[in-house]
Amino acid sequence: MTRRTLLAAVLLAAAPLSAPWAFGAAMAQTEQSRDPMIWPRIASPYGIDPAMEARIDALVGQMSVDQKVGQIIQAEIQSISPRDIRDYHIGSVLNGGGSTPADARVFPLALWVAAANAFYDASMDTSKGGLAIPVIWGTDAVHGANNVRGATLFPHNIGLGAANDPALMRDIGVATAREIAVTGVDWTFAPTVAVAEDIRWGRSYESYSSDPAIVAALSKELILGLQGHPALGNALDPDKVVATAKHFIGDGGTVGGIDQGDNILREEDLFARHGQGYVQALGVGAQTVMASFNSWNGEKLHGNRYLLTDVLKDRMGFDGVVVGDWNGHGQIEGCTDSSCPQAIMAGVDLVMVPEKWRAFYQNTVRQVKTGEITMARLDDAVRRNLRVKMRAGMFEDGRPSQHPLAARAHLIGYQDHRDLARRAVRQSLVLLKNDGVLPIARTARLLVTGSGADSVPMQAGGWSITWQGGDTTNEDFQGATTIIEGFRQAMPDGMVVTDASGEDFDIAVVVFGETPYAEFEGDLKDAGLRYHDNADTRRLQALAKVGVPTVAVYLGGRPREMQSVIDGSDAFVAAWLPGSEGGGVADVLVDGGDAHQFTGKLPFPWPSDQPGTTRWPLGFGRTYE
Ligand code: BGC
Ligand code: BGC
């Protein structure tokens, strides 16, 4: 009996007098009613390969409980050694935001590959018993290989939503997969398919758009680029990585935009608004889905068997791995970071236990022995992990250093990738206001000022070398181009100055905005969306006062209320979080041979200072007439 028919049988038994057809109507009346038929069934392009399944069965049949439990645990690289991986048969490792095998500030590519080799060798070492099963390494490469010094950093998702170009997304996926593969890492926790509905959420910039259709279309193409596809003949090839659709489900729709909060929605709306990215991701064969920290109608997703198992796996047909989020299981009622049979029984196949993996392992082994965790569920979780590893070729590819792209240093920050990122920046820019001061003449005497004018950290935002994006300087982003450097390149015959004292100039560009933040710390909570006056906005006002035409360029992870800035400047451009290739800004703002048209459109409505109203709608964006 499938879970669904089981559910129906249980419900029928509880209402023996109603006819089955009356039952559906009764269910539809309650908001809490659950109906897996709301969700579509989706065929994975990978299909089930009987030979592979037989191989998986043979392996599972030979594994001890200990090894099975190890296989479904993911630990953080700072908290586990290769010896531990061997002794506990740990199935997976991750490097969290800002965590690298060595000091992130120096970039010893060899250390990444050496770490990958050491983890792999340990997982294949059967001297202490057990079977050889390659360990899989996951990372947050959410806008390029952003934990790797010198990597190409693409615009964060909000900017790519503004560009809204599916073909561009495919190319970004291809380039990102390459830069990850060079380090010996197998898997990225991307794309985020969240639909941010309250942009006070600190992860709004990880969302492509508040429009589910844009999120779905762009995620799909990114996954195709990252993983390849059976029909393209390049599925999970050595220059590809495993992708993750995250965070399942409803992360962008929490009340008040509170990170890890509660999403209160009817199931139909949960699907319509937050499920579209998963439909596309599964359709192109995303091999992993990450469970979300948030709750749905008060219940934490990590413990939600209905959504993880009945809907995602049984109904939608997902046959890959549901990975937990960072101690997300520990937030389930009755669980701790080091013990949570509920998450496994609900359908998490690989539990992310960054630090307390050892205690978690011991508790899980015990819970399997007492039957709290059934063998059938454990075996299913193990099977899914083995399936993804086999599809990725990990049983055949050998040591990470033997992979074709391993340690190919020239591919980190490769010029073609940088050119692509710069194009993405050009396409992501949204022109919101232009009183005729743009484009800027190539021969102009130009002042470029503001805290963001010469700052890669501000361009890059969170998830860039460090987790929250703080504590970095331009030196941490080898090979990057700041916005002012871009103007200098674009205006060889002009005069680009950054210090205005005593200088005469024709026009001023003020680059300002948000300082870096990431999940949790970036929430605005009750603070609202107002962008408060500061040295940059005062500078803008002072320039306008003396009659200098001004262009305000906003760097930030979400639209903010800033009527005085908008009114006080002659042109206003949203540049979002463009990443390492700041030169893309001048490409569009400066007139001449290299000038490009504005094509970006708002991926979120721009809030106004009047509560409940919008300054500019979703989809708005001007062009040079
Ligand atoms: C985030 C995920 C991320 C994970 C691993 C969590 O805190 O929510 O998006 O993939 O950490 O770093
Ligand atoms: C993040 C990790 C990060 C860690 C730092 C987590 O929530 O997802 O990527 O390294 O916090 O404590």
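Throughout, residue positions are numbered sequentially from 1 according to the sequence presented. Order of appearance sets the numbers: ligands from 1, and atoms from 1 within every ligand. Since the structure is predicted, the reported quantities are computational estimates derived from the model, not experimental observations.
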Taking distance alone, no hydrogens or angles, what donor-acceptor pairs closer than 3.5 Å link side-chain atoms of residues 212-227 to residues at least two apart or in another chain?
{"residue": "S219", "atom": "OG", "partner": "V215", "partner atom": "O", "Å": "2.5"}
{"residue": "E221", "atom": "OE1", "partner": "R170", "partner atom": "NE", "Å": "2.7"}
{"residue": "E221", "atom": "OE1", "partner": "R170", "partner atom": "NH2", "Å": "3.1"}

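A side-chain donor-acceptor contact under 3.5 Å links N117 and S401.
For the pair F293 and ligand 1, a heavy-atom separation below 4.0 Å is found.
In terms of polar-atom proximity, E519 is counted as a contact of ligand 1, with an N or O under 3.5 Å from an N or O of the ligand. Taking distance alone, with nitrogen or oxygen atoms compared against 3.5 Å, K246 approaches ligand 1 more closely than that limit.
Contact atoms of ligand 1 toward R203: 1 (C), 2 (C), 8 (O), 9 (O) (distance under 4.0 Å to a heavy atom of the residue). Using a 4.0 Å cut-off to heavy atoms of D325, the atoms of ligand 1 that qualify are 1 (C), 2 (C), 3 (C), 4 (C), 6 (C), 7 (O), 8 (O), 11 (O). Numbered from 1 in the order shown, with element, the atoms of ligand 1 that lie under 4.0 Å from a heavy atom of H247 read 2 (C), 8 (O), 9 (O). Those atoms of ligand 1 with a heavy atom of L94 less than 4.0 angstrom away are 5 (C). Atoms of ligand 1 lying under 4.0 Å from any heavy atom of F189, numbered from 1 in the order shown and given with element: 10 (O).
Aromatic pair H417/F154: ring centres not closer than 6.0 Å. Within the 6.0 Å centre-distance limit, the rings of H156 and Y205 are counted as a close aromatic pair.
With a 4.0 Å heavy-atom cut-off, ligand 1 is reached by no atom of Q74. Using a 4.0 Å cut-off between heavy atoms, T244 makes no contact with ligand 1 at all.
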Run the ring-ring contact (aromatic ring centres under 6.0 Å, His included) check on H329 and F360 step by step: do they pass? CA-CA 11 Å; H329 56 276; F360 191 91; 5.1 Å; yes

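Counting only residues at least two apart or in different chains, ring pair (Phe, Tyr, Trp, His ring centres under 6.0 Å) contacts with residues 206-229 are absent.
Relative orientation of the Y88 and W357 rings is perpendicular, given thresholds of 30° and 60° on the angle between their planes.
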